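Below is one structure, written out as structure tokens, with a few remarks after it.
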Number of protein chains: 2
Amino acid sequence: MTQATPQGRPLDDDLTGRVLAATRESLEDVGFVNLRIERVASAVGCSKTAIYRRWPTKAELVASAILDRVTLGETPDTGDVVEDLVEHAWQHLTNFKHDGEPKPKHNRTMLAMFDAEVIPLIEDRYMKKRHVMGREILARAVARGQLDSQLDQDLIIDAIAGLTLFRLSIKPDTKVRNDAELKDSYRTLVRSLVASPG
Amino acid sequence: MTQATPQGRPLDDDLTGRVLAATRESLEDVGFVNLRIERVASAVGCSKTAIYRRWPTKAELVASAILDRVTLGETPDTGDVVEDLVEHAWQHLTNFKHDGEPKPKHNRTMLAMFDAEVIPLIEDRYMKKRHVMGREILARAVARGQLDSQLDQDLIIDAIAGLTLFRLSIKPDTKVRNDAELKDSYRTLVRSLVASPG
DNA sequence: ACGCAACAGAACGTTTCGTATCGTAAACAG
DNA sequence: CTGTTTACGATACGAAACGTTCTGTTGCGT
């Protein structure tokens, strides 16, 4: 199988990046339902055609915009299962946390993930991979004799992911915390989850 | 302030209920974005006007449809904080769990909650009240000397809610469990969360 | 130089939201 | 019983937005 040589004028990668950035910005402002392709186009200064040439639907555009900003990184491996899981959670949080001001009540970027047509696009390229990373962390901990092998590993991973999800999307009044406090709360949760019962 | 006496022909409560039911059904089938008011109307056999007379927007209709099926019930009070919280979580789960077949991969009814215009409507009438119920359970446990008063109560409540949220909305491959197994997984989580550290 | 595809711009068909208008039906007050 | 008020069905309508199509132009690779 030879690599098909692309013919004609290639896509402008710079334009692609600007469209993705503008999409993220619109997303944070107005959410998925109210995001307007035409508005993104005019914000970038390109035509609507240029966008539809790259992504067939709004859902695909938005999924790409989200995934473009997200980084999976390396699976944490500090030798301490608690710190590994805290770092794991932190990576997830940083991928979605809004760092501008004013801080919106709800994280619309994360909310957009929940559109029925967007979820499947994010799932394979992000959520499943993150789950595998979590399992790696726990498997190593078991191998080190640091973690009871009888614990429900999916429960541990899902509870951590669930907390982030809940805080960023639904929770209306999450107290404003600095990073250290926030990280501490994850540490508390993780410590509970990995403690051997009895 | 006297109660304004309604004049003229009253709204047909039976019709209202049928519209809400049809909305829930459409929601489970196609999700919020693809739900069509006109389709709900024709499913019920009423006019679009009858719907817009009751709810000003699609978001309001959907929020009402969700809340209509949801029950807050009494705050569990068994004397055991673990069982109270498990029951608390179970009530939440049953409010959203799809009980028909085939089971959809994602719970579209719950996904609809995440629309930026729907969330605020659900928040006041459901999420906040549930949070208060959680705090009641924990406060009673502290009063009984059953729970370390130093624990982060919001963290406990949010972690439980987050797990349900995550499982129902995003998690693609939650193993099919029967009710007993599912309840056990909550019991495991809750026990971890309320255990005193050290 | 030539071919191919991206580019901007603009028009277009379609769908759907939400509103408005009409005539009829039903509850209630006097 | 009569009049008032509001729900009801039916239908038409305007506005908005998705996604497509077309035209003419620009730029990359062979």
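Note that the coordinates shown come from a computational prediction; the quantities given were computed from them, not determined experimentally. So that the names make sense, note that chain A is the first sequence line, chain B the second, and so on, each numbered from 1.
- The phosphate of C/dT16 has OP1 or OP2 within less than 4.0 Å of a side-chain N or O from B/R36.
- Checking B/D13 against B/K48, the closest nucleotide of DNA chain D that is more toward the 5' end is the one next to B/D13.
- Separating the CZ atom of B/R18 from the C1' atom of D/dC8 is a distance of 12 Å, rounded to the nearest angstrom.
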> Does the ring-ring contact (aromatic ring centres under 6.0 Å, His included) test come out yes or no for B/Y186 and B/H88, once each step is laid out?
Replying inline: CA-CA 10 Å; B/Y186 279 102; B/H88 180 64; over 10 Å; no

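- Of the options A/T188, A/D152, A/V82, A/I160, a side-chain contact (heavy atoms from CB on, under 4.5 Å) to A/L193 is made by A/I160 and by none of the others.
- Protein atom CD of B/E38 is 15 Å distant from nucleotide atom P of D/dC13, rounded to whole Å.
- Between B/T78 and the options B/V86, B/I137, B/D84, a side-chain contact (heavy atoms from CB on, under 4.5 Å) holds for only B/D84.
- Residue A/R9 has no polar side-chain atom (N or O) positioned under 4.0 Å from OP1 or OP2 of D/dG29.
- Taking atom CD1 of residue B/I37 and atom P of nucleotide C/dT15, one finds them 18 Å apart after rounding to whole Å.
- At whole-Å resolution of the value, CG in A/D12 and C1' in D/dG27 are 11 Å apart.
- Across the protein-nucleic acid pair, A/E117 atom CD and D/dC18 atom P stand 12 Å apart, rounded to whole Å.
- A close approach under 4.0 Å does occur between a side-chain nitrogen or oxygen of B/R54 and OP1 or OP2 of D/dC8.
- One atom, CG of A/L11, and another, P of C/dA8, lie 11 Å apart when rounded to the nearest Å.
- The interatomic distance linking B/I51 (CD1) with D/dG9 (C1') rounds to 12 Å, in whole Å.
- For C/dG18, its base never sits under 3.5 Å from the side chain of B/K58 at any donor and acceptor pair.
- At a cut-off of 3.5 angstrom, counting only N and O atoms as typed in the model, there is no donor on one side facing an acceptor on the other between the side-chain of A/T49 and the base of C/dA6.
- Of the candidate nucleotides C/dG18, D/dC8, C/dC7, C/dG18 has the atom lying nearest to any side-chain atom of B/T57.
- Listed candidates were C/dC7, C/dC17, D/dC28. Nearest to the side chain of A/P10 is D/dC28.
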When the side chains of residues 66-73 of chain B are checked against the rest of the protein, which donor-acceptor pairs come out under 3.5 Å, sequence neighbours left out?
from: B/D68; atom 1: OD2; to: B/R24; atom 2: NH1; distance (Å): 3.0
from: B/T71; atom 1: OG1; to: B/G73; atom 2: N; distance (Å): 3.4

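- Among the nucleotides C/dC7, C/dC17, D/dT20, the one closest to any side-chain atom of A/L15 is C/dC7.
- Within the 4.0 angstrom heavy-atom criterion, only backbone atoms of the sugar-phosphate kind lie near A/L35; the bases stay farther away.
- Nucleotide D/dG19 holds its P atom 10 Å from the CG atom of B/N34, rounded to whole Å.
- Heavy-atom minimum distance, A/L155 versus B/S185: CD2-O, 3.6 Å.
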